[in-house]
Structures are given as C-alpha cells and as structure tokens.
Undergrad: 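The structure is given below, and queries will be raised subsequently.
Sequence positions, counted from 1, serve as the residue numbers for this chain.
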Amino acid sequence: GVEVGPQPQGVARADVLDKMRKIVKHGLDFVQLFNEGKEFPPCTMEVFKIMEKVDYPRNKNGEITGIIHPKLQDQDWQPLKNGDPLFLTLDGEVIPYQGNCTVYPTFINEAAYYEKKQAFVKTEKIKLTAKHLRLPVS
C-alpha cells in the first residue's frame, strides 16, 4: 500500500494526488526493469522506524489539557530534540520534549488519531542496506 499525505479527511488535493501518481509510477517502473533483468546494485537508505505513539496531555478524567505546540505543528519527519516545545497547555504552559535522543515525529495532530489517543508517533532514523538485486536466470 501507499499512503501519501498529509491531507485532511475527505479532501482531495491535487498536489498530494500528483505525489501519489509519481510514487506509483516509480514502483511500476522498478517492477518492469526488474522483470526485464536489470541489475540493481547494493544501496543504503535512511528510513524511519516507529518507536512509540505519544498521547496528548490529559487530566485525571482523560480530557485533553494541551495541544500541539505551534513550533511542532506541520513538522513531520523533522528532528525533535530534548527541550524542544512539544505541547502547549490550555493554561499557556509549554511542555517540552524530554528524551535522551533525537526523534522524528510524524502523523502530528492528525484528526483521525484523536480518538486513538495519539498526538503523534515518535520515529527514529535508521539506515538499511539492500543487497544486490537481480531476477534469477532460469
């Protein structure tokens, strides 16, 4: 599957549709080249591995008491370091990120995840190495 975004629920955006078309075309081009016997050399790529889901700050009744800090909003895949602003309480208090490593938040403030108690997902950037790839000769 391919998920391309961000975009609000129920909204069709031309720029996001164009990105989706391009990624699907690249995938189909790869399959065609692979089937034609093209050899792909080993490569290393950076990917983001999910670490954990982070909820909004809540009171003892489970009600949300803070929102995503404006400096974090729309910063998906950008580094978040210890001390960076994370949430802004309804009283105006800044809640900073407290972590021992840099993380890369994604799905920040997505409407579909409110009911799942998810303000964003913390990911870590890792490197994966793909081995040489070629269709076996039969």
Undergrad: Within the 3.5 Å criterion, strictly below it, is a donor on N82 or Q98 matched to an acceptor on the partner's side chain?
TA: no
Undergrad: Say whether, by atom type as modelled, one donor and one acceptor occur between the side chain of T65 and the main chain of P57 under 3.5 angstrom.
TA: yes
Undergrad: Is the CG atom of L33 crowded by more than 12 outside heavy atoms at less than 6.0 Å?
TA: yes
Undergrad: Near N100 CG, under 6.0 Å, is it more than 12 heavy atoms from other residues, nucleotides or ligands?
TA: no
Undergrad: Would you kindly confirm whether F120 and Y114 end up in one hydrophobic cluster when ILVMFWY residues are joined by side chain heavy atoms under 4.5 Å apart?
TA: yes
Undergrad: Kindly determine whether Y97 and K122 satisfy side-chain contact (heavy atoms from CB on, under 4.5 Å), including the steps that lead there.
TA: CA-CA 11 Å; Y97 169 62; K122 286 193 321 190; 4.1 Å; yes
Undergrad: Looking at every heavy atom in both V103 and P105, which two are closest together, and how far apart are they?
TA: O-CD, 3.7 Å
Undergrad: Shortest non-hydrogen contact from L86 to L80?
TA: CD1-CD2, 3.6 Å
Undergrad: Can you confirm whether R58 is buried at CZ, in the sense that more than 12 heavy atoms of other residues, nucleotides or ligands lie under 6.0 Å from that atom?
TA: yes
Undergrad: Per the salt bridge (charged side-chain N to carboxylate O under 4.0 Å, His left out) rule, what does the pair list look like for residues 24-36, sequence neighbours excluded?
TA: K25-D29
Undergrad: Nearest 0.5 Å please: distance from the CD1 atom of I95 over to the CD1 atom of I67.
TA: 10.5 Å
Undergrad: Looking at F48, is its backbone amide N or carbonyl O close enough to the side chain of T123 to form a donor-acceptor pair, meaning the two atoms are under 3.5 Å apart?
TA: no
Undergrad: Nearest 0.5 Å, please: how far is CE in M51 from CD in E124?
TA: 5.0 Å
Undergrad: Can a donor-acceptor pair be found, under 3.5 Å and without considering hydrogens, that links the side chain of D84 to the backbone of P96?
TA: no
Undergrad: Would you call K22 and D18 a salt bridge, taking side-chain N to carboxylate O under 4.0 Å as the test?
TA: yes
Undergrad: Is atom CD1 of I23 surrounded by more than 12 heavy atoms (other residues, nucleotides or ligands) closer than 6.0 Å?
TA: no
Undergrad: Output the distance between atom OG1 (T102) and atom CD (Q78), rounded to the nearest 0.5 Å.
TA: 12.5 Å
Undergrad: I'd like to know whether K53 forms a side-chain contact (heavy atoms from CB on, under 4.5 Å) with V121, so could you lay out the CA-CA distance, the side-chain angles of the two residues, the decisive distance to 0.1 Å, and finally the verdict.
TA: CA-CA 4 Å; K53 297 175 184 177; V121 173; 4.2 Å; yes
Undergrad: Please name the pair of heavy atoms, one in M45 and one in C43, separated by the smallest distance, quoted to 0.1 Å.
TA: CE-SG, 4.0 Å
Undergrad: When you measure from the side chain of N35 to the backbone of Q32, do you find a donor-acceptor pair of N or O atoms at a distance under 3.5 Å?
TA: no
Undergrad: Decide whether L72 and L88 are clustered together by the hydrophobic rule: side chain heavy atoms of Ile, Leu, Val, Met, Phe, Trp, Tyr closer than 4.5 Å, transitively.
TA: no
Undergrad: Could you tell me the separation between the CD atom of E46 and the CD1 atom of I126, rounded to the nearest 0.5 Å?
TA: 10.0 Å
Undergrad: Decide yes or no for V11 and R13: does some side-chain heavy atom of the first lie under 4.5 Å from some side-chain heavy atom of the second?
TA: yes
Undergrad: Quick one: sort the Y113 and F107 rings into parallel, tilted or perpendicular, breaks at 30° and 60°.
TA: perpendicular
Undergrad: M20, L28: one ILVMFWY side-chain cluster at the under-4.5 Å cut-off?
TA: yes
Undergrad: Tell me the closest heavy-atom pair linking I108 and Q75, and the distance in Å.
TA: CD1-C, 3.7 Å
Undergrad: Measure the CG-CG distance between N109 and D74 for me, rounded to the nearest 0.5 Å.
TA: 8.5 Å
Undergrad: Is the shortest side-chain heavy-atom distance between K131 and P42 below 4.5 Å?
TA: no
Undergrad: Working to the nearest 0.5 angstrom, can you tell me the gap between E93 CD and F87 CZ?
TA: 12.5 Å
Undergrad: Are L133 and F34 close enough that some pair of their side-chain heavy atoms sits under 4.5 Å apart?
TA: yes
Undergrad: Side chains of Q73 and I68: closer than 4.5 Å at any heavy-atom pair?
TA: yes
